Amino acid sequence: MKNQNPISSGGSGKSMNVIAPLSLVKHLSCFFFFIFGLTLGIILCFHYKSFSFNLLVTNRQFSIFTSQSSSSSLSTPPTSNTSNYNLEPPNVIMHNLNDQELLWRASMAPRIQEFPFKRRPKIAFMFLIRGPVLLAPLWELFFKGNEGLYSIYVHSDPAFNESDPQGSVFYGRRIPSKKVSWGHANMVEAERRLLANALLDFSNHYFVLLSESCIPLYNFSTIYSYLMNSTQNFVELYDLPGPVGQGRYSILMQPLIKLEQWRKGSQWFAMDRDLAIEVIADNTYFPVFQKYCNGSCYADEHYLPTFVNVKFEGRNSNRTLTWVDWSKGGPHPSQFIRTDVTPEFLEKLRSENSCEYNGNETNVCFLFARKFALNALDRLLRFAPIVMHFNS
């Protein structure tokens with residue numbers, strides 16, 4: 001027993017010597033974590049306005065992610081850069097929306113009229129074509145120097161896969177398209193598809209439908225001022241007795257559409273944003289045309305004229321801004337070739353007419369003209385900039 005005491009005493013002393021440093025390390029560790037936690041807490045509190053924590057539940061699993069608050073950007077005055085509000089569409093306009101999704105999204109309109117950013121109203125030039133924009137070099141001259149005041153949208157045959165030069169104003173402006181047959185309702189579907197894509201850009205205020213054979217008759221600033229200051233839309237409509245007018249009406253369209261409401265007109269329109277939204281949001285009249293106006297009915301000559309006549313006649317000028325020559329008769333207007341293009345001819349198209357604009361008489365009645373063949377391009381490039389004052 002005597003021999004056990006020293007051993008026991010010695011063992012106890014050694015244990016005390018070991019426990020003391022361990023206790024010190026433990027206290028130091030706690031103190032370190034306390035300081036670390038306090039510092040982290042101060043940092044998080046200092047930046048709590050800049051970050052938010054969100055709990056995400058996916059397939060019964062929880063995950064936490066942080067996202068920076070937009071409070072700092074909202075506190076700064078709005079500028080002309082609309083990307084702060086995610087309202088500016090991407091430069092590439094291809095998307096995976098089907099027509100139903102596209103029309104639904106494009107039909108949304110803000111109820112607050114004042115824009116929360118500096119907005120420069122633009123004209124949407126919409127080209128409904130089969131292949132390339134044949135007269136693209138002329139349009140390049142027309143658009144030059146007016147960046148930010150226009151948008152371009154091209155609907156071509158989906159089988160056409162050539163691309164425009166990278167420096168062209170038409171580069172990357174082709175929308176997701178579908179095949180179009182002349183005289184069928186899918187022609188109007190393509191027009192609505194163009195309108196819907198253009199409506200996604202909140203800055204587009206006026207919408208002009210053009211063909212591959214169209215040319216401008218004035219410089220950009222004149223056309224821009226004419227459209228932006230107009231108090232009416234430009235959808236041609238008139239009542240035409242006979243087989244190519246009232247004769248195309250189907251009694252199956254009653255009771256929604258009556259014969260006395262039936263109208264005919266050019267498909268080449270110019271309309272403001274309000275009417276464009278009404279056209280793409282129409283789920284009442286257009287389905288009737290899809291069902292009963294095909295073949296010899298030519299929906300592209302009757303849907304918009306009839307729809308506008310029934311719903312929005314008071315806001316419409318009842319005329320088109322695109323000049324064509326029907327003097328030779330037949331199902332298609334006259335085509336102009338190289339030898340037809342002279343300064344005198346172009347000047348005649350610009351001024352030899354009379355019409356009403358905003359309640360006043362004017363001789364500026366047509367802003368565009370068709371149909372011009374590709375072989376007329378060289379003379380158009382030579383004469384048009386002079387006659388139409390492209391550089392002024």
Side-chain angles (χ1 to χ4, degrees), residues 123-128 187-188 191-192 194-195 205-211 213-220 222-242 244-246 248 260-279 282 285 298-329 331-334 336 345-372 388:
I123 299 175
F125 292 85
M126 308 178 302
F127 291 82
L128 180 56
M187 181 80 76
V188 182
E191 295 173 9
R192 282 159 51 102
L194 278 164
L195 281 172
H205 178 73
Y206 228 93
F207 305 79
V208 179
L209 183 67
L210 300 161
S211 74
S213 64
C214 283
I215 66 167
L217 292 178
Y218 294 88
N219 60 25
F220 184 91
T222 300
I223 291 178
Y224 184 90
S225 177
Y226 194 99
L227 294 176
M228 290 300 177
N229 292 316
S230 174
T231 59
Q232 293 185 308
N233 294 290
F234 298 92
V235 177
E236 184 180 49
L237 62 89
Y238 52 90
D239 187 10
L240 180 67
V244 297
Q246 294 180 0
R248 295 175 178 175
E260 56 268 26
Q261 298 172 319
W262 183 257
R263 293 294 183 271
K264 177 183 172 71
S266 169
Q267 75 175 113
W268 311 109
F269 61 77
M271 63 177 64
D272 63 20
R273 189 174 186 90
D274 291 339
L275 181 56
I277 292 175
E278 296 291 346
V279 171
D282 172 31
Y285 293 87
Y298 304 111
D300 56 293
E301 295 183 6
H302 293 281
Y303 165 67
L304 266 182
T306 301
F307 177 68
V308 172
N309 177 60
V310 174
K311 300 281 292 183
F312 309 101
E313 184 181 17
R315 294 174 46 211
N316 189 52
S317 65
N318 299 347
R319 63 184 178 91
T320 180
L321 295 178
T322 302
W323 182 91
V324 292
D325 180 13
W326 289 100
S327 63
K328 296 180 181 179
H332 301 286
S334 300
F336 301 103
F345 174 68
L346 295 176
E347 195 59 59
K348 176 182 176 182
L349 300 185
R350 287 160 49 92
S351 59
E352 197 179 70
N353 296 281
S354 179
C355 60
E356 184 179 289
Y357 173 78
N358 288 352
N360 300 311
E361 187 174 347
T362 179
N363 62 350
V364 181
C365 300
F366 297 103
L367 303 183
F368 312 96
R370 63 187 300 266
K371 302 172 57 171
F372 288 83
M388 302 169 193

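Model, not experiment: these values are computed from the prediction.
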Distance-only donor-acceptor check, side chains Asn363 and Ser351, under 3.5 Å: no
Nearest heavy atoms of Arg192 and Val279, plus distance in Å: NH1-O, 2.7 Å
From Lys264 atom NZ to Gln246 atom CD, the distance as rounded to the nearest 0.5 Å: 12.0 Å
Contact check, side chains of Asn318 and Arg263, non-hydrogen atoms, under 4.5 Å: no
Point-to-point distance, once rounded to the nearest 0.5 Å, from OH of Tyr224 to CD1 of Ile123: 6.5 Å
For Asn233 against Asn316, the heavy-atom pair lying closest together: O-OD1, 3.0 Å
Min side-chain heavy-atom separation Phe307-Val188 under 4.5 Å: no
Evaluation steps, side chain to side chain contact (heavy atoms under 4.5 Å, CB included), between Ser266 and Thr322: CA-CA 9 Å; Ser266 169; Thr322 302; 5.5 Å; no
Gap separating the CE atom of Met126 from the CG atom of Leu194, nearest 0.5 angstrom: 5.5 Å
Geometric class of the Tyr357/Phe234 ring pair [parallel <30°, tilted 30-60°, perpendicular >60°]: parallel
Verdict with reasoning, Leu304 to Met271, per side chain to side chain contact (heavy atoms under 4.5 Å, CB included): CA-CA 11 Å; Leu304 266 182; Met271 63 177 64; 4.1 Å; yes
Mutual orientation of the aromatic rings belonging to Phe368 and Phe125 [parallel < 30°, tilted 30-60°, perpendicular > 60°]: perpendicular
Closest non-hydrogen atom pair between Ile215 and Met388, with its separation: CD1-CE, 4.3 Å
Check: Glu356 main-chain N/O paired with Arg319 side-chain donor or acceptor under 3.5 Å: yes
Side chain to side chain, Glu191 and Tyr303, heavy atoms closer than 4.5 Å: no
Salt-bridge contact Asp272-Arg315 (side-chain N to carboxylate O under 4.0 Å): yes
Gln261 versus Asn309, closest heavy-atom pair with distance: O-ND2, 3.1 Å
Greater than 12 external heavy atoms within 6.0 Å of Lys371's NZ: yes
Closest contact, heavy atoms only, Pro305 versus Glu236: CG-O, 3.5 Å
Min side-chain heavy-atom separation Val310-Tyr285 under 4.5 Å: yes
Atom pair CD/CH2 of Glu352 and Trp323 - distance to nearest 0.5 Å: 9.5 Å
Under 3.5 Å: donor-acceptor pair, side chain of Arg350, backbone of Leu217: yes
Near-ring test Tyr218/Tyr226, centroid separation under 6.0 angstrom: no
Atom pair CG (Leu237) and CZ (Phe312), whose distance is rounded to the nearest 0.5 Å: 13.0 Å
4.5 Å side-chain heavy-atom contact, Tyr298 and Gln267: no
Minimum-distance pair of heavy atoms, taken over all atoms of His302 and Gly245: CE1-O, 3.9 Å
Side chain to side chain contact (heavy atoms under 4.5 Å, CB included) between Leu321 and Leu227, worked out: CA-CA 10 Å; Leu321 295 178; Leu227 294 176; 3.6 Å; yes
Thr306 side, atom OG1; Trp262 side, atom CH2 - distance, nearest 0.5 Å: 5.0 Å
Check against side chain to side chain contact (heavy atoms under 4.5 Å, CB included), Asn360 and Thr362: CA-CA 6 Å; Asn360 300 311; Thr362 179; over 6 Å; no
